[in-house]
Amino acid sequence: MSNNKDSQKDNTTSNEIGKEHGITRRKFIKNTGMIVGGVAGGSLLGGMLTNNFQAETTNSPVYEEETSTFTEARMFFTRYEDFVVLMQATERIFPEDDNGPGAIDLGVPYFIDKQLAGSWGINGSDYRKGPFPGSEPSVDTSTQTRGEIFINGLRKMNQLSHKQFGASFDDVEKNQQIDILMHFENDEVDMKGVAASDFFSLLRQMTLEGAYADPLYGGNKNMEGWKMKEFPGAVHSYEDIIENDEFIKMDPISLEDYQQG
Amino acid sequence: MATEMDKVDVVIVGSGWAGGIVAAELSKEGYRVVGLERGKDQKMEDFIGAKDELRYSSRHGMFQDLTKETITTRNTENEDALPIRSNSTNSINGTDTGGSGVHWDGATYRWWPYDFEAYSKTVEQYGEDKIPEGMTLQDWGITYNELEPYYDKFEKTAGVSGEEDPLRPGRSDEYPNPPMRGSQVTSLFKQAANELNYHPYHMPSANMSQQYENPDGETINACVYCSFCGMYGCDFGAKADPIVTVLSTAQKTGNYELRNNAYVTRVLHNEDKATGVLYVDTQTGEEYEQPADLVVLAGFTFANTRLLLLSEIGEPYNPDTGDGVIGKNLTGHFGFYGVSGFFNDKKFNLYAGAGALGATLSDFTVEQLDHNELDFLHGFEPRVVQSGSTPIGSNGVPGDTPTWGEEFKEKSLYYTNRNFGINIQVGNLPWAHNYMDLDPNYTDFIGDPLLRITCSFSDQDRNIARYSVEKSKEIMEQMGADIIEGSEITDETEFNETTLTSHTAGGAIMGDDPQTSAVNNYSQMWDMENLFVVGASSFSTFSSSNPTGTVGAVAYRAAEGMIKFLKEDGGILVEKN
């Protein structure tokens, strides 16, 4: 996790420049009375702000603001031993490489923890009436909630790791972890009440969601997922580039930047 | 006991395109109209800054609340149907003010003359024997030419931005707006299609190519190609939806009241006359009766069919004898097929786009193909759509790549802006064994039976899908893709709950014979003259083009019929055949 701090520093964005100097975009917009989402918005405003901050940083009054985040604590997983399995499993699915951070540094495990603690984890918008006929249920047709399925799945991973390699999942080699995950992917593991492959595809799906959803959900830290994917995020308008034949790379914008009252 | 509300002229179930159009037309005429919408209140402001892929595209944040109601599905009569439990597998059902019309893409087509006379034209051209046993082709009791003025009216309400399709029948007027801007992707598709001697054109779109004021005086803003479109409410009021058009028009008359969280449970009737509807306020659990002179069902295909069955109106369809009509001819775009193209040395701005920004061609549609040589009826429409790709949903890798791990990450990042698909929409025709009825095992939140879908693919469905993938691969090859992959359709490819889409129709179909249809061409119930059932539920057959344009046209026609009915003091508006 210490790597993570470094990568945060290395990738200081214009937004953070603002924060360092005691003024957030939100405050700036409120102070100047600009409204995002109306005629002036996202990309246009982003550029204006960047220029403004760059021009004014030396003269702005400086308030030392605490920039730590307080959102990386477990909301759903009560046992750390389950959470470390989740961390390792997501990192194997979306590993750190030359392109950029992997699942752990992107905050994916905390993203999943938060999702499972909320309505997604308790199937809050699903039809939940019986009968549940039982034969080969999927994640969507199981009597278990997504949260329960995750806990059972991660514990099964750990059990398999002990059985096959004599150590817990987070202590075995990368290729041994991959081997265990492949057992799940190929349905070579018996999980109670749900197909192992179905749990695996939920895990894979939520890992990608954590890497690429807007940072407001706790993953895609510093928009590093979007930067790797060259995805600009919540840009106001692409009117000027839609007809362009050249690929255009731009700095991403998050909903925190975009969505203002 | 239900609380009885003051009687009104008209009560409309639903506030999507069908319900909204009827609401606008009747309230403009001075009738007192109440609309009942099962979902919550929403307006344009709710969509400002809603560029959130996880909430809307992944979690389907604008779909219906399944805790209250869902549908069940199965393939054949011998099986127990299972409920669709999660919105991750649910078809795209609208709820809340404006219905699916708020989170649609905006593709606004007209259907083919063949579609309205599918039975007659097939027999005329190929003989009766061409229709396979079990295919329940029927005419609609209206022709394309008769429906054309209503298409025109809907296109003007919705400000459709379009380019004339060189292969479609003539139009009485031009599109109200010029086509949307192109992109590198649409240009490439058009160039390849031209080289293959096809007739490409820009997809007709309800995303505005310029700011537009419709004939009702409603302004729709110019689209800025922001890419958060289908599955989202528009951030800018730049996509025609019922909220910024017909519902706004209805509200301005002072004659329309929309009640949200109003879950309609029955059409009340006294022998052959509807007297009103019964509904539950989902926020209090209280039951209300809304009496009206005219009752309009304008929910989605599922809601309309289910309400008729629950209210015991019309004869339920019996798949074994073919008798009865309610629930019959379930059709739709069952599964979207496609071809992916990966480009090793071209990079596209795929993150930009609009829901219905695309290019397509009609060279493989029902009226262009010679079916003498083909093992299927109807046709298909291949197209590229640059709707704006988002990062969770766009992780395509060539088929031999693992779907996770190091190689997956590397390649999914590499190909993110280097791959796109040709989507294919196939015209699925009706079969005797595809229908809807009430489920005997599962109920909604107040204890009423859910709607049950029974549907399976036929060889025809698989044959046309295979053919469409082959032809689309040729176009992708001409476009210069380095790796080309298409949907694999085997003999085992079968309908399931995930192949059900927002393009689903039937259940209360239109025709000229009360023995084989539920409504006449004004969407008026044959069996109950003051009950109109409006929307895709009335489509007797399905087409290869998107359905919303036809929903709009049929709704304008229905509204005209209702006004006629109310002014002329009742009666069946079309002579029974």
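Just so it is clear: chains get the letters A, B, ... in the order the sequence lines come, proteins before strands, and each one is counted from 1.
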Criterion side-chain hydrogen bond (donor to acceptor under 3.5 Å, both in side chains) on N395(B) and K229(A), from CA distance to verdict: CA-CA 10 Å; N395(B) 283 286; K229(A) 225 164 163 55; 3.0 Å; yes
Heavy-atom pairs under 4.5 Å with chain B, option from D214(A), L181(A), N123(A) with the top count: L181(A)
4.5 Å side-chain heavy-atom contact, T416(B) and E230(A): no
S237(A) side chain near Y225(B) side chain, heavy-atom distance below 4.5 Å: no
Distance (rounded to the nearest 0.5 Å) between T141(A) OG1 and E497(B) CD: 8.5 Å
Trace of the side chain to side chain contact (heavy atoms under 4.5 Å, CB included) decision for S58(B) with E209(A): CA-CA 8 Å; S58(B) 307; E209(A) 288 171 356; 3.9 Å; yes
Residue selection (most heavy-atom pairs with chain A, distance under 4.5 Å) from E53(B), Q386(B), E410(B): E410(B)
Side chain / backbone / both / neither for L216(A) at chain B, heavy atoms under 4.5 Å: side chain
Atom pair CG (L208(A)) and OG (S412(B)), whose distance is rounded to the nearest 0.5 Å: 7.5 Å
Other residues, nucleotides, ligands: >12 heavy atoms within 6.0 Å of E45(B) CD: no
Over 12 foreign heavy atoms within 6.0 Å of CG, D251(A): no
Derivation of the side chain to side chain contact (heavy atoms under 4.5 Å, CB included) call for E406(B) and E96(A): CA-CA 8 Å; E406(B) 283 173 20; E96(A) 182 178 2; over 6 Å; no
Stacked cation flag R85(B) on F132(A), 6.0 angstrom / 45 deg: yes
Minimum side-chain heavy-atom gap R146(A)-S86(B) below 4.5 Å: yes
Option that, when pairs with chain A are counted at under 4.5 Å, heavy atom only, ranks first among D65(B), L82(B), N441(B), T443(B): T443(B)
Part of L350(B) lying under 4.5 Å from any heavy atom of chain A: neither
Side-chain (R181(B)) to main-chain (E239(A)) donor-acceptor, under 3.5 angstrom: yes
side-chain hydrogen bond (donor to acceptor under 3.5 Å, both in side chains) evaluation trace for D52(B) with Y217(A): CA-CA 10 Å; D52(B) 183 341; Y217(A) 292 99; 2.5 Å; yes
Side chains of I392(B) and Q205(A) in contact at under 4.5 Å (non-hydrogen atoms): yes
Portion of R55(B) that has a non-hydrogen atom of chain A nearer than 4.5 angstrom: both
Interchain contact, T390(B) with chain A, by part (heavy-atom threshold 4.5 Å): both
Cation-pi check, R92(A) onto W404(B) ring (under 6.0 Å, within 45° of axis): no
Pairs of heavy atoms under 4.5 Å with chain A: top-ranked of L357(B), N221(B), V185(B), L54(B): L54(B)
Residue M44(B) excluded, over 12 heavy atoms near CE under 6.0 Å: yes
Proximity breakdown for F228(B) and chain A, heavy-atom pairs closer than 4.5 Å: side chain
Max heavy-atom pair count under 4.5 Å with chain A, selected residue of N349(B), D80(B), L188(B): N349(B)
D126(A) versus T67(B), side-chain donor and acceptor atoms under 3.5 Å: no
Residue E246(A) versus chain B: region with a heavy atom under 4.5 Å: backbone
Audit row: D235(B), Y258(A), side chain to side chain contact (heavy atoms under 4.5 Å, CB included) steps and yes/no: CA-CA 12 Å; D235(B) 201 334; Y258(A) 188 93; 2.8 Å; yes
Short side-chain to backbone donor-acceptor contact, N87(B) and S125(A), under 3.5 Å: no
Side-chain (Y127(A)) to main-chain (I71(B)) donor-acceptor, under 3.5 angstrom: no
Between Y442(B), F348(B), F408(B), the one whose heavy-atom pairs under 4.5 Å with chain A are most numerous: Y442(B)
Derivation and outcome, salt bridge (charged side-chain N to carboxylate O under 4.0 Å, His left out), residues K129(A) and E69(B): CA-CA 10 Å; K129(A) 280 186 156 188; E69(B) 183 207 355; over 6 Å; no
For the student: nearest non-hydrogen atoms of G49(B) and L255(A), plus distance: O-CD2, 3.3 Å
Check: Y351(B) ring centroid to Y238(A) ring centroid under 6.0 Å: yes
Heavy-atom closest contact (E185(A) atom, T403(B) atom, distance): OE2-OG1, 3.6 Å
Among the listed options A354(B), C226(B), P391(B), the residue most often paired with chain A at heavy-atom distances under 4.5 Å: P391(B)
Interchain contact, Y414(B) with chain A, by part (heavy-atom threshold 4.5 Å): neither
Side chain K51(B), main chain G233(A), donor-acceptor under 3.5 Å: no
From CA spacing to verdict: side chain to side chain contact (heavy atoms under 4.5 Å, CB included), Q184(B), I242(A): CA-CA 8 Å; Q184(B) 198 185 358; I242(A) 188 71; over 6 Å; no
